[in-house]
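Every chain is numbered from 1, with letters handed out A, B, ... down the list of sequences.
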Amino acid sequence: MNIQQHIITATVNAVKELYNQDLPETQVNLQDTRSEFEGEITIVVFPVVRFSKKSPEATANDLGEYLKEHIEEVTAFNVVKGFLNLSIVSSYWIDLFQTDLLKEEFGTIPSNGKKVMVEYSSPNTNKPLHLGHVRNNLLGYSVSELLKANGSEVFKVNLVNDRGIHICKSMLAWLKWGNGETPESSGLKGDHLVGKYYVIFDKEYKKEIEALKETGQTEDEAKKNAPLIKEAQAMLLAWEAGDEEVISLWKKMNGWVYDGFAVSYKNLGVDFDQYYYESNTYLLGKDTVEEGLAKGVFFKKPDGSVWIDLTEDGLDQKLVLRADGTSVYITQDLGTAQMKYDDFKMDESIYVVGNEQDYHFKVLFLILDKLGKSWAKGLYHLSYGMVDLPSGKMKSREGTVVDADDLIAEMIATAKQKTEALGKVDHFSEEEKESLYYKIGMGALKYFLLKVEPKKRLLFDPAESIDFQGNTGPFIQYTHARIKSLLSKANYKNGQHVASDIALSATELEMIILLSRYPAEIASAAKAFSPATLANYIYEVAKMFNKFYHEIPPIVKEEDEAIKQHRLNLSWVTSNIIKSGMRILGIEVPERM
RNA sequence: GCAUCCAUAGCUCAGCUGGAUAGAGCAACGGUUUUCUAAACCGUAGGUCAUAGGUUCGAAUCCUAUUGGGUGUACCA
């Protein structure tokens, strides 16, 4: 039993004995004592006052006396207003530290038997990835790792949007203006090459619209009548009919895109256990529509279109199948959800998708629930905010997107320049330097994006480079490298215990308490699907270490062996938590930098 | 119009199921290196937590309204 639980139980007993009242355990409110007060654990006594019928101060004093009397580890207490601060004997903290935290596997949580699917990335194959996709990928990957760390079995899946009118646009533009250009002939990365033709299509299409408007057509008419869009639509029909030429062009161009994505994914450090392709799933869902009609969840309008009425749930009527019997977006999502469940039988399924689709997922989940799917309650939309530029939203057609590959290259270049300026790595091999620049650059980028609460929108200013100082990835990486250097200088041997009666400084005590929170931080971050809370915790840990490192004399020169070993143990545990926590964020920590 | 999310220091962000004097980083100013890596540390300054009510012993946090901003509201995906 840990000390916190011990205190809670004893407090309940105290209220029984002193006031003859039954205090519910949930009313015992514990928190870490603020550093400006004496003690480590604080009881907020206001909730107890109702039971004691005394003033907060008097109640706190009563409880303090009782706890000091009945709990061996409680050595002293003080009362500040309604707060009872308890001092715990330092040997308790040292024992806790040595038996739990000093283990390599500290922070890993045993299996909870849950199977979870995380769907993320889900790109379109008509253009390269941009900063918005980067946020999605990093978030999806990190949440997956977080859930694994919390004891779940995780399947990462990528549902690739590889078909549709937008893909045909790129194909058509390439046929018309491409002159047979390939990634090899142009030296362009495949996804960028295809994206180039998507932009060309849009430009030419706009020209046609303008021309038609000159002839007196309205904007809407012109958009529908432009020859290019008609050709693209014809191509889509040909694709659906299995036209050999179209299919083979489609395969060729998608192949270029996949080669390009593979490079970006590798650089981002993300991976997937399973790919789904919409070209295989876009016809799914019609069975589900039949099922819904049979169950009376859906209804058919006279024109043959199928709808669900969600007005009682505060939403609208929603179309689930067109009058001509073809699917809409939600049709295939219904079918795909069923297929994913049939494939994996997972308990929970997380969709990492931007908040512009909040409404869509609300409807999707509600429909599946109304269809009586037992697994519908395990569905969760991890909705994240858009990445904005100072100028506003990124728009691919207006060229205001921050390209993922460019950004990665810039981050690495910046890392190189900053590292060289510090002049610490001159003796590194070229290979080690390259690897270091990559780790630091990506560490800066990943931490920058992940430290912000997912649902909040995020501002990125391309004119200002991402920081490498303060609350940043490189700061945390640096702290880790510094600890590793210290440990190697001291010939550190892991896991050696010292007598639990050594003296601890205030900072050392604070460190132990902070470090001991790691498993709880993982659990709460996993519960909230939020790598951000973990990121901020790791930062606190790194900051605390640097404070400790500065205020004590050099450890390697420490003559008291027990104190030396204990300080090295503290350093090692810090590095272990940083490494493990950063790994969950998808960030590598160098051994030296 | 309706739905939904957001609003905290000059800037970017923390702030747990309501608890002590609202915290970090950047930028600004000052200091720290004969001592284990100064991508570090210490200090100064910076706030009507959008506004107004309400609930409570106690509200940045919960409720209501208002203002400002984002997103959605297609037989697009």
Looking for any heavy atom pair under 4.0 Å, which part of the strands does [X] touch: base, sugar-phosphate only, or nothing?
X        : result
A:Glu278 : sugar-phosphate
A:Asp333 : nothing
A:Pro56  : nothing
A:Asp324 : nothing
A:Thr326 : nothing
A:Ala481 : base
A:Ser383 : nothing
A:Phe475 : sugar-phosphate
A:Ile440 : base
A:Tyr359 : sugar-phosphate
A:Met386 : nothing
A:Asn124 : nothing
A:Arg457 : sugar-phosphate
A:Leu310 : nothing

Whole-Å distance between [N] [atom2] and [X] [atom1]?
X        : N     : atom1 : atom2 : answer
A:Arg50  : B:U56 : CZ    : C1'   : 12 Å
A:Asp316 : B:U4  : CG    : P     : 12 Å
A:Gln357 : B:U73 : CD    : P     : 9 Å
A:Phe448 : B:C13 : CZ    : C1'   : 10 Å
A:Tyr549 : B:U35 : OH    : P     : 11 Å
A:Phe298 : B:C75 : CZ    : C1'   : 15 Å
A:Ile538 : B:A14 : CD1   : P     : 15 Å
A:Leu319 : B:U73 : CG    : C1'   : 14 Å

Counting only side-chain nitrogens and oxygens, does [X] get under 4.0 Å of the OP1 or OP2 atom of [N]?
X        : N     : answer
A:Arg163 : B:A77 : no
A:Arg34  : B:G15 : no
A:Lys489 : B:U37 : yes
A:Lys81  : B:U21 : yes
A:Lys456 : B:C5  : no
A:Arg482 : B:A38 : yes

[X], nearest nucleotide to its side chain (from [options]):
X        : options             : value
A:Glu356 : B:A14, B:U71, B:G19 : B:U71
A:Ser305 : B:A38, B:C75, B:C36 : B:C75
A:Gln31  : B:C41, B:C36, B:A20 : B:A20
A:Ser485 : B:C41, B:A77, B:U37 : B:U37
A:Glu453 : B:U37, B:A14, B:C6  : B:A14
A:Leu486 : B:G19, B:C5, B:C36  : B:C36
A:Lys543 : B:A77, B:G19, B:A24 : B:A24
A:Val80  : B:C36, B:A20, B:A14 : B:A20
A:Asp358 : B:A24, B:G15, B:U4  : B:U4
A:Ile555 : B:C36, B:A77, B:U37 : B:C36

Q: Would you tell me whether A:Asn355 and A:Arg457 have side-chain atoms, one donor and one acceptor, within less than 3.5 Å of each other?
A: no

Q.
Please tell me whether A:Asp316 and A:Tyr359 have a donor and an acceptor in their side chains that are separated by less than 3.5 angstrom.
A. yes

Distance from [X] atom [atom1] to [Y] atom [atom2], nearest 0.5 Å?
X        : Y        : atom1 : atom2 : answer
A:Lys543 : A:Thr479 : NZ    : OG1   : 11.5 Å
A:Leu436 : A:Gln477 : CG    : CD    : 8.0 Å
A:Leu84  : A:Ile43  : CG    : CD1   : 5.0 Å

How far does the [atom1] atom of [N] sit from the matching atom of [M], given to the nearest Å?
N     : M     : atom1 : result
B:A9  : B:A3  : C1'   : 33 Å
B:A45 : B:A27 : C1'   : 12 Å
B:C16 : B:U61 : C1'   : 10 Å
B:C5  : B:U48 : P     : 28 Å
B:G25 : B:A14 : P     : 16 Å

**Q.** Intra- and inter-strand pairs of RNA chain B in dot-bracket (Watson-Crick or G-U wobble, both distances under 3.5 Å; | for another strand)
**A.** (((((((..((((.....[...)))).(((((.......))))).....(((((..]....))))))))))))....

Q: Please report the closest heavy-atom contact between A:Thr574 and A:Met511, naming both atoms and the distance.
A: OG1-CE, 3.5 Å

(Q) Within the supplied structure, the quantity of interest is the number of heavy atoms (other residues, nucleotides, ligands) at a distance under 6.0 Å from A:Lys439 NZ; does it exceed 12? (A) yes

Q. Is A:Lys301 atom NZ crowded by more than 12 heavy atoms from other residues, nucleotides or ligands, each under 6.0 Å away?
A. yes

**Q.** Ionic contact status for A:Lys433 with A:Glu420, cut-off 4.0 Å
**A.** no

**Q.** Cationic N near anionic O, under 4.0 Å, A:Asp220 to A:Lys224
**A.** no

Q | Per-pair stack call A:Phe83 and B:A20, 5.5 Å, 30° | A | yes

Q. Do A:Phe37 and the base of B:A20 stack face to face, with centres under 5.5 Å apart and an angle between planes under 30°?
A. yes

Q: Return the 5'-most residue of the pair A:Val556, A:Glu36 with respect to RNA chain B, ranking by each residue's nearest nucleotide.
A: A:Glu36

Q | Closest-nucleotide 5' rank along RNA chain B - winner of A:Thr533 and A:Lys362 | A | A:Lys362

Q: Apply the ring pair (Phe, Tyr, Trp, His ring centres under 6.0 Å) test between A:Phe475 and each candidate in A:Phe468, A:Phe448, A:Phe545, A:Tyr539; give the one that qualifies.
A: A:Tyr539

Q. Taking the six-membered ring of A:Tyr478 as reference, does the NZ or CZ atom of A:Lys418 fall below 6.0 Å from its centre and within a 45° cone about the axis?
A. no

